[in-house]
Asks: 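Submitted below is the structure of interest, expressed as structure tokens.
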Amino acid sequence: MKKLIVFDLDGTLAPSKSPLDAEMASLLRDLLEVVDVAVISGGAWLQFERQVLSHLPKNTLLAKLSILPTCGTRFFQYKGAWKKLYAEDFTTDEKQKIVASLTKAVTTTGFTVEKTWGEIIEDRGSQITYSALGQQAPLDDKVKWDADFAKRKKIKSILDKLIPEFTVRIGGATSIDVTKPGIDKAYGIKKLRDILGISLQEMIYVGDALFVGGNDYPAKQVGVVSIPIRNPDETKRVIEAIIACLGPEQQLRSFEVDQ
């Protein structure tokens, strides 16, 4: 019996930087009725508030939801209000080196974009995120820029040599995330295990970047059953299947068999 379902956010629960639609919000509420849920994303806390939390009811079900921004480098739980359990922040020198390396890698590949919307390199405290078109870029433009991940894979290959002491992952539609070494979604998964007391074998991970080099891939590497999806519509079907398997009737049957 699975006890925890872990989701990526952008491209999995919602389009990049977009809020949950009504169907997804309803499915997540139904899912929380039958199993614990966690969301791990490269996004900052504010992104979770806008995209996810503002679309869920503020009730006792939130106690079953764990939020891990910036690829698991921060962890929030709801106890009447959202409380931060930890944060793995960079030093000033580390931030400066990462920003300089990102700038050099993008310039070297020639993938500098003329028209951008908002911040290109964002300091999220425990993560530095490069967004090729800017944080506020229109979704259509973001999807077209690197649909096959080829551009970001080239940038990542340079960064891996420039800053080998850090972890570099591809995420979102146009993003590259940099965290401290060993701190990625696998780190977040292990924190969920330790804090919630749920084994890796009792988890399922759902994400759109489960390929090698993607920021969801560490979840698969650590041994969690992982379900790759291509978009939020596929995630909805996965959630429906999980609810059907873990819903009250199935749990009752499992209990009767155990007896």
Side-chain angles (χ1 to χ4, degrees), residues 8-12 15-17 40-48 51 68-74 87-139 141-188 207-219 221:
D8 169 49
L9 177 50
D10 279 351
T12 299
S16 180
K17 300 295 188 299
I40 304 180
S41 169
W45 170 251
L46 182 59
Q47 188 175 330
F48 280 87
Q51 290 184 250
L68 289 81
T70 52
C71 291
T73 56
R74 297 185 176 202
E88 303 287 353
D89 290 342
F90 288 119
T91 66
T92 299
D93 288 344
E94 287 173 331
K95 291 179 182 180
Q96 290 175 347
K97 182 173 183 179
I98 293 167
V99 170
S101 298
L102 278 165
T103 302
K104 182 176 181 179
V106 174
T107 302
T108 300
T109 58
F111 293 144
T112 304
V113 180
E114 291 186 6
K115 184 176 182 180
T116 59
W117 295 262
E119 287 184 281
I120 304 299
I121 298 177
E122 183 184 12
D123 176 2
R124 297 177 176 175
S126 54
Q127 176 179 296
I128 304 295
T129 296
Y130 163 76
S131 298
L133 306 185
Q135 291 293 322
Q136 307 305 320
L139 181 58
D141 291 85
K142 294 171 72 172
V143 170
K144 294 175 184 176
W145 185 76
D146 189 31
D148 61 357
F149 302 93
K151 293 178 181 177
R152 283 174 292 165
K153 284 180 179 178
K154 289 183 179 179
I155 296 172
K156 180 185 182 311
S157 68
I158 295 173
L159 285 171
D160 285 338
K161 296 175 183 177
L162 291 175
I163 47 174
E165 68 270 38
F166 298 106
T167 297
V168 181
R169 299 285 182 189
I170 296 170
T174 64
S175 301
I176 291 177
D177 302 320
V178 182
T179 62
K180 287 188 175 183
I183 298 180
D184 50 24
K185 290 189 178 180
Y187 178 87
D208 69 326
L210 280 162
F211 52 84
V212 176
N215 69 355
D216 294 321
Y217 187 65
Q221 283 184 302

Asks: If every non-hydrogen atom of Ile121 is compared with every non-hydrogen atom of Thr103, which pair is closest and at what distance?
Replies: CD1-OG1, 3.8 Å

Asks: For residues 106-118, which residue pairs qualify under side-chain hydrogen bond (donor to acceptor under 3.5 Å, both in side chains), counting only residues two or more places apart or in two chains?
Replies: none

Asks: Does the pair Ile40 and Asp8 meet the rule for a side chain to side chain contact (heavy atoms under 4.5 Å, CB included), with working shown?
Replies: CA-CA 5 Å; Ile40 304 180; Asp8 169 49; over 6 Å; no

Asks: Name the residue from Thr73, Asp216, Thr179 that meets the side-chain hydrogen bond (donor to acceptor under 3.5 Å, both in side chains) definition with Lys185.
Replies: Asp216

Asks: Sequence neighbours left out, what passes ring-ring contact (aromatic ring centres under 6.0 Å, His included) with Phe111? Give chain and number order.
Replies: none

Asks: Taking atom NZ of Lys151 and atom OG1 of Thr174, what is their separation to the nearest 0.5 Å?
Replies: 10.5 Å

Asks: Salt-bridge test for Asp93 and Lys97: reply yes if a basic N is under 4.0 Å from a carboxylate O, no otherwise.
Replies: no

Asks: Can you check whether Ala44's main-chain N or O pairs, donor with acceptor, with Arg74's side chain at less than 3.5 Å?
Replies: no

Asks: Between Ser126 and Thr70, is any side-chain donor less than 3.5 angstrom from a side-chain acceptor?
Replies: yes

Asks: Looking at every heavy atom in both Trp145 and Val113, which two are closest together, and how far apart are they?
Replies: NE1-CG2, 3.6 Å

Asks: Look at the side chain of Asn215 and the backbone N and O of Arg169, then say whether any donor-acceptor pair between them is shorter than 3.5 Å.
Replies: no

Asks: With heavy-atom distances below 4.5 Å as the criterion, would you say the side chains of Tyr130 and Lys156 are in contact?
Replies: no

Asks: In Å, rounded to the nearest 0.5 Å, how long is the span from OG of Ser175 to CD of Glu122?
Replies: 9.0 Å

Asks: Tell me whether the count of non-hydrogen atoms from other residues, nucleotides or ligands lying under 6.0 Å of NZ in Lys154 goes above 12.
Replies: no

Asks: Working to the nearest 0.5 Å, report the span between CD1 of Ile170 and CD1 of Ile155.
Replies: 9.0 Å

Asks: Looking at Ala150, is its backbone amide N or carbonyl O close enough to the side chain of Asp146 to form a donor-acceptor pair, meaning the two atoms are under 3.5 Å apart?
Replies: yes

Asks: Return the CG to OG distance between Asp177 and Ser41, rounded to the nearest 0.5 Å.
Replies: 7.5 Å

Asks: Okay, side chain of Thr12, backbone of Asp208: is any donor-acceptor separation there less than 3.5 Å?
Replies: yes

Asks: Among all residues two or more places apart in sequence or in another chain, which pass the ring-ring contact (aromatic ring centres under 6.0 Å, His included) test with Phe166?
Replies: Phe90

Asks: For Asp184 and Tyr187, indicate whether the former's side chain and the latter's backbone hold a donor-acceptor pair under 3.5 Å.
Replies: yes

Asks: What are the two closest heavy atoms between Lys180 and Glu94, and how far apart are they?
Replies: CE-OE1, 3.8 Å

Asks: Nearest 0.5 angstrom please: Glu119 CD to Arg124 CZ, how far?
Replies: 9.0 Å

Asks: So, do Ile128 and Asp123 sit near enough that their side-chain heavy atoms are less than 4.5 Å apart?
Replies: yes

Asks: Once rounded to the nearest 0.5 Å, what's the spacing between atom OG1 of Thr167 and atom CD of Gln127?
Replies: 10.5 Å

Asks: Give the minimum heavy-atom separation between Leu162 and Ser101, together with the two atoms involved.
Replies: CD1-O, 3.7 Å

Asks: Does a salt bridge link Asp148 with Lys153, judged by any charged N lying under 4.0 Å from a carboxylate O?
Replies: no

